[in-house]
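First comes the structure, then the notes that go with it.
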Amino acid sequence: MQIRTLALAAAALCALTVNPAIASADDLGPSLTVDDDRLDSALTCTTDLHGVDRDPVLLTPAFATDQQSFGWNYLKSLPALGIPVCSLSLPDDGYADLQISAEYVVHAVRKMAAESDRKVVMMGHQHGPLNELWALKFWPDLPALVSDFISLATPYNGTDSARNGCDRSQKCPPANWQIATGSNYLNALDERPLPEGPDYTSIYTKFDELIYPQPHASTLVGATNIAVQDVCPLRPVEHFSILADNVAYTIVLDALEHDGAAVRSRISKDLCFTTTMPGLEPSLDDVSDNIEYFAGVPRHFLEDSVTAEPDLASYTR
């Protein structure tokens, strides 16, 4: 139910006018324009990070809240394995300017690293990892605070679904313009190399109906790129079912449990006879979250749509 409703809701993938007044400051990078109370309220952790013995994971969603994307899967499975997890839930559900969304990531990583006295694992779905990657590239203190970067179905090179939809309608929420193929946002991101320090793993599906063309759309240069079909050819996983898929989940765990990025040869082909990750049982609360999310999508397209991509922040220049 969770996957089906999310898929219907985001089938309209296509992108608030940005506040570009973000001035460069010192070695910490651009000053954060979002006030501290909002930054703090967006971050939720499953446990107290003081004294944890593993790197905590930061989960960043895309067009949804953290609970809608991860409350029924990774926010349950990772803590069950003893992995501390925090998640971000943006007030605009990820539809507004991704440059501003990245500020929430910057604050979250700094806070998690300070409280845990450990490095942080960045992880997310769809454009959530773009927020994380933007934070890594434009805030120079962040790479030293991050051990791993793991993404699911992320449009590093844009998606034609957003480009076609936004160009046709000439009106989309800001984030949709920014993830469209050839956007200024993605060009600015691509101009900077991957920062040294974190290990990068991009997990995707060749049958992604929203992020395409694949594998180009989800290929991150300098990262380990693994399609679930590299392990199990013709495995019927799409954009949202990757959030529940057992092969994708095992690749995530491989990256978490080993030094370095995930390694495809360590993923057993026996997993091809399984479907969803262990312990996945959607509840009535999940169904309620779906209904709330589905009802929110038209509101974002009606209220938040703009006629062009937000201007790039001054610090990108």
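Not measured: the values here are computed from a predicted model.
With respect to the salt-bridge test (charged N to carboxylate O, under 4.0 angstrom), the residues Asp230 and Lys206 qualify. One finds a salt bridge joining Asp141 and Arg110 here, because a Lys/Arg side-chain nitrogen approaches an Asp/Glu carboxylate oxygen to under 4.0 Å. A salt bridge links Glu257 with Arg54: the distance from a Lys NZ or Arg NE/NH1/NH2 to an Asp or Glu carboxylate oxygen falls below 4.0 Å.
Residues Thr60 and Leu88 share a closest heavy-atom pair of OG1-CD1, 4.0 Å. Leu253 and Leu81 make their closest contact through CD2-CD1, 3.7 Å (heavy atoms, listed as atom of the first residue, atom of the second, distance). The two residues Asp55 and Arg118 come nearest to each other via the heavy atoms OD1-NE, 2.9 Å. A pairwise comparison of heavy atoms in Glu309 and Asn184 identifies OE1-N, 3.0 Å as the closest pair. Nearest heavy atoms, Ile211 versus Ala153: CG1-O, 3.8 Å. Ala62 and Ser69 make their closest contact through N-OG, 4.5 Å (heavy atoms, listed as atom of the first residue, atom of the second, distance).
Contact of the Glu103 side chain with the Thr33 side chain is registered, since non-hydrogen atoms from C-beta on lie closer than 4.5 Å. Residues Thr224 and Val263 fail the side-chain proximity criterion, which asks for heavy atoms closer than 4.5 Å. By the 4.5 Å heavy-atom criterion applied to side chains, Asn131 and Tyr104 are not counted as neighbours. Within the 4.5 Å cutoff, the side chain of Leu220 has heavy atoms near those of the Leu194 side chain. Within the 4.5 Å cutoff, side-chain heavy atoms of Val85 are placed close to those of Leu75. With a 4.5 Å cut-off on side-chain heavy atoms, Met123 and Ser151 do not count as touching. Looking at Leu136 and Tyr200, their side chains come closer than 4.5 Å, going by heavy atoms from C-beta outward. Two residues are said to be in side-chain contact when any heavy atoms from C-beta on lie closer than 4.5 Å; Val247 and Gln229 fail this criterion.
Rounding to the nearest 0.5 Å gives a distance of 12.0 Å between CD1 of Ile242 and CZ of Phe207. Atom CG of Leu98 and atom CG of Leu133 lie 12.0 Å apart (nearest 0.5 Å). Expressed to the nearest 0.5 Å, how far CG of Leu271 lies from OG1 of Thr250 amounts to 4.5 Å. Atom OG of Ser218 and atom OH of Tyr212 lie 13.0 Å apart (nearest 0.5 Å). Interatomic distance, CD1 of Ile179 versus CG of Asn157, reported as 12.5 Å (0.5 Å rounding). In this structure, Glu191 CD and Lys137 NZ are separated by 9.5 Å, a value rounded to the nearest 0.5 Å.
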CA sep, side-chain torsions, deciding dist, call: His107, Asp40, side chain to side chain donor-acceptor pair (under 3.5 Å) = CA-CA 8 Å; His107 178 80; Asp40 283 334; 2.6 Å; yes

Quick one: do Lys119 and Asp148 satisfy salt bridge (charged side-chain N to carboxylate O under 4.0 Å, His left out)? Show the steps, please.
-> CA-CA 9 Å; Lys119 292 188 176 183; Asp148 278 279; over 6 Å; no

Mind running side chain to side chain donor-acceptor pair (under 3.5 Å) on Asn225 and Thr219 for me, showing each step along the way?
-> CA-CA 6 Å; Asn225 299 279; Thr219 296; 4.8 Å; no

Thr276 and Asn246: side chain to side chain donor-acceptor pair (under 3.5 Å), yes or no, with the steps?
-> CA-CA 5 Å; Thr276 58; Asn246 198 31; over 6 Å; no

Give the intermediate values and the outcome of side chain to side chain contact (heavy atoms under 4.5 Å, CB included) for residues Tyr204 and Leu152.
-> CA-CA 6 Å; Tyr204 66 98; Leu152 297 167; over 6 Å; no

Begin from the C-alpha positions of Ser89 and Gln67 and carry the test side chain to side chain donor-acceptor pair (under 3.5 Å) through to its verdict.
-> CA-CA 8 Å; Ser89 190; Gln67 290 299 316; over 6 Å; no

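The number of heavy atoms from other shown groups lying within 6.0 Å of CZ (Arg38) does not exceed 12. Glu196 CD: 12 or fewer foreign heavy atoms inside a 6.0 Å radius. More than 12 heavy atoms of other residues, nucleotides or ligands lie within 6.0 Å of CG in Asp35, so this atom counts as buried by the packing criterion. Environment of CZ in Arg264: sparse, with no more than 12 heavy atoms of neighbouring residues, nucleotides or ligands closer than 6.0 Å. Atom CG of Asp259 sits in a sparse spot, with 12 or fewer heavy atoms from other residues, nucleotides or ligands closer than 6.0 Å.
Proximity of a side-chain donor or acceptor of Gln99 to a complementary backbone N or O of Asp311 within less than 3.5 Å is detected. The main-chain N or O of Val231 is found under 3.5 Å from a side-chain atom of Lys269 such that the two form a donor-acceptor pair.
Note on ring orientation: taking the six-membered ring where Trp is involved, the planes of Tyr156 and Phe149 are tilted (angle from 30° to 60°). Aromatic ring pairs are classed by plane angle as parallel below 30°, tilted from 30° to 60° and perpendicular above 60°; the pair Phe70 and Tyr74 is perpendicular.
Ring pair His127/Phe63: centre-to-centre distance below 6.0 Å.
The side-chain contact (heavy atoms from CB on, under 4.5 Å) test with Ile83 is passed by exactly one of Val52, Val121, Val57: Val57.
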